[in-house]
Amino acid sequence: MPKIVDHAKRREEIALVACKVVASHGFEQATVARIARAAGYTTGMVAHYYESKQDIILAALRLILVRIEGRLTRERESGESNLLAVLSEALALDAQRFTECAFWMAFWGQVSTHKKLKRLNAWVHREYMRLFARCFAEHWPSWSELPRSERDQVLRSVVTFINGLTAGAVTSPRDWPAAAQVEQLKLQLELLRRRARPKRDKAGT
């Protein structure tokens with residue numbers, strides 16, 4: 001009896017391996033042959049699921065976004081349901097998230113010279129902004145009271161900050177253990193809260 005193959009699962013497996021290969025070897029060195037070898041498949045088998053390296057990278061991007069969205073939006077115990085705990089899910093706090101962040105860094109290194117990757121990066125940025133806006137709306141009590149321009153500034157600031165923090169954690173992991181990353185994010189959120197308090201709160205200080 002022929003073995004039943006879960007093709008969707010195999011495609012996801014290849015994308016996951018691609019994340020690890022890019023994170024470990026860089027974008028240019030993450031060839032289809034290397035990805036296939038790391039996954040335990042032949043290049044022909046990988047080609048059966050993906051037409052090109054770009055297709056594999058796109059699948060890896062989508063996989064990481066799905067994972068991040070799952071972590072940012074999962075149901076939590078009431079004790080940890082706060083903005084810091086939620087946004088910390090995007091930091092390089094463990095091996096899986098470190099790999100994801102290292103993948104992003106390798107990807108960003110190629111964006112400036114490649115039109116298609118620029119479009120992909122713009123899409124990724126929009127998805128990040130959407131996810132983070134949802135997190136702020138759910139976990140910052142006065143979020144809806146802020147002017148739209150203020151909310152946009154806060155979102156951009158947080159996304160930029162997290163991008164920089166994770167880049168530091170990937171390039172200098174000894175300088176950025178998990179606790180230090182969370183502490184810096186906590187400080188950033190505290191500063192933003194002070195700056196972006198609704199006008200009625202500021203008037204009373």
Side-chain angles (χ1 to χ4, degrees), residues 15-16 18-19 22-23 27 54 57-76 80-94 96-171 176 178 181-199:
L16 177 59
C19 291
V22 170
F27 198 88
Q54 284 190 3
I57 296 302
L58 177 57
L61 281 168
R62 286 175 171 159
L63 176 61
I64 292 176
L65 276 174
V66 167
R67 285 184 163 197
I68 293 174
E69 181 167 13
R71 295 198 301 265
L72 291 177
T73 60
R74 69 179 173 84
E75 292 188 7
R76 292 171 166 79
E80 63 169 13
S81 183
N82 61 74
L83 190 60
L84 176 62
V86 172
L87 295 186
S88 293
E89 296 286 0
L91 302 180
L93 302 184
D94 56 26
Q96 176 182 310
R97 284 176 281 187
F98 184 93
T99 296
E100 293 172 357
C101 293
F103 176 91
W104 287 124
M105 283 196 65
F107 173 74
W108 288 333
Q110 303 297 312
V111 167
S112 63
T113 59
H114 200 295
K115 289 183 178 180
K116 186 172 182 179
L117 294 185
K118 282 183 179 179
R119 292 194 296 271
L120 284 177
N121 188 59
W123 167 71
V124 168
H125 179 72
R126 288 193 299 270
E127 288 299 298
Y128 260 103
M129 294 294 281
R130 176 184 65 81
L131 280 173
F132 278 56
R134 176 177 172 180
C135 294
F136 274 87
E138 292 180 359
H139 301 286
W140 186 326
S142 60
W143 184 249
S144 61
E145 300 175 33
L146 298 176
R148 175 64 181 271
S149 59
E150 193 84 25
R151 282 179 284 170
D152 288 344
Q153 287 184 345
V154 169
L155 279 173
R156 288 180 181 276
S157 178
V158 168
V159 171
T160 302
F161 179 83
I162 289 179
N163 286 344
L165 183 57
T166 54
V170 169
T171 56
W176 290 106
Q181 294 179 57
V182 174
E183 185 61 29
Q184 285 298 309
L185 178 57
K186 179 181 179 181
L187 175 60
Q188 178 73 359
L189 291 175
E190 288 175 351
L191 293 172
L192 287 171
R193 284 182 187 277
R194 294 174 191 172
R195 180 186 182 280
R197 281 182 301 174
K199 291 182 178 179

- Message: Suppose the criterion is salt bridge (charged side-chain N to carboxylate O under 4.0 Å, His left out): which pairs have a residue in residues 57-68, not counting sequence neighbours?
- Response: Arg67-Glu100
- For the student: nearest non-hydrogen atoms of Leu189 and Leu83, plus distance: CD2-CD2, 4.1 Å
- Query: Are there more than 12 heavy atoms of other residues, nucleotides or ligands under 6.0 Å from atom NZ of Lys186?
  - Reply: no
- Item | Contacts of Ser157 that satisfy side chain to side chain donor-acceptor pair (under 3.5 Å) - sequence neighbours left out | Gln188
- Between Phe27 and Phe107, what is the ring plane arrangement, given parallel below 30°, perpendicular above 60°, and tilted in between? tilted
- Task: Evaluate the side-chain proximity of Leu117 to Asn121: yes if any heavy-atom separation is below 4.5 Å, no if none is.
- Result: no
- Task: Please round to the nearest 0.5 Å and tell me the distance separating atom CH2 of Trp140 and atom CG of Leu192.
- Result: 6.0 Å
- Under a 4.5 Å cut-off applied to non-hydrogen side-chain atoms, are Leu63 and Phe103 in contact? no
- Given Thr171 and Met105, is the side chain to side chain contact (heavy atoms under 4.5 Å, CB included) satisfied, shown in steps? CA-CA 9 Å; Thr171 56; Met105 283 196 65; 3.7 Å; yes
- Roughly how far apart are Leu93 CG and Ser88 OG, rounded to 0.5 Å? 6.0 Å
- Message: For a 4.5 angstrom cut-off between non-hydrogen side-chain atoms, does Gln110 reach Ile57?
- Response: no
- Message: Test side chain to side chain contact (heavy atoms under 4.5 Å, CB included) on Trp104 and Thr166; report intermediate values, then the result.
- Response: CA-CA 9 Å; Trp104 287 124; Thr166 54; over 6 Å; no
- Item | Smallest separation among heavy atoms of Val154 and Ala196, with atom names | CG2-CB, 4.0 Å
- Query: Is Gln181 reaching over with its side chain to a backbone N or O of Leu165, donor-acceptor style, under 3.5 angstrom?
  - Reply: no
- Message: According to salt bridge (charged side-chain N to carboxylate O under 4.0 Å, His left out), does anything in residues 152-161 pair up with another residue at least two apart or in another chain? List the pairs.
- Response: Arg148-Asp152
- Message: Taking salt bridge (Lys or Arg N to Asp or Glu O under 4.0 Å) as the definition, give me every residue that meets it alongside Arg97, ordered by chain and number, with sequence neighbours left out.
- Response: Glu89, Asp94
- Message: Test of understanding: with side chain to side chain donor-acceptor pair (under 3.5 Å), list the residues that count as partners of Trp143, not counting sequence neighbours.
- Response: none
- Query: Under a 4.5 Å cut-off applied to non-hydrogen side-chain atoms, are Val111 and Leu120 in contact?
  - Reply: no
Would you tabulate the side-chain donor-acceptor contacts of residues 129-137 under 3.5 Å, counting partners in other chains and residues two or more places apart, or write 'none'?
residue, atom, partner, partner atom, Å
Arg130, NE, Glu127, OE1, 3.3
Arg130, NH2, Glu127, OE1, 2.8
Arg134, NE, Glu138, OE2, 3.3

- Task: Check Ala60 against Ala15 and note the closest heavy-atom contact, atom names and distance.
- Result: CB-O, 3.7 Å
- Task: Could you give me the CA-CA distance, side-chain angles and deciding distance for Ile68 and Tyr128, then say whether side chain to side chain contact (heavy atoms under 4.5 Å, CB included) is met?
- Result: CA-CA 9 Å; Ile68 293 174; Tyr128 260 103; 2.9 Å; yes
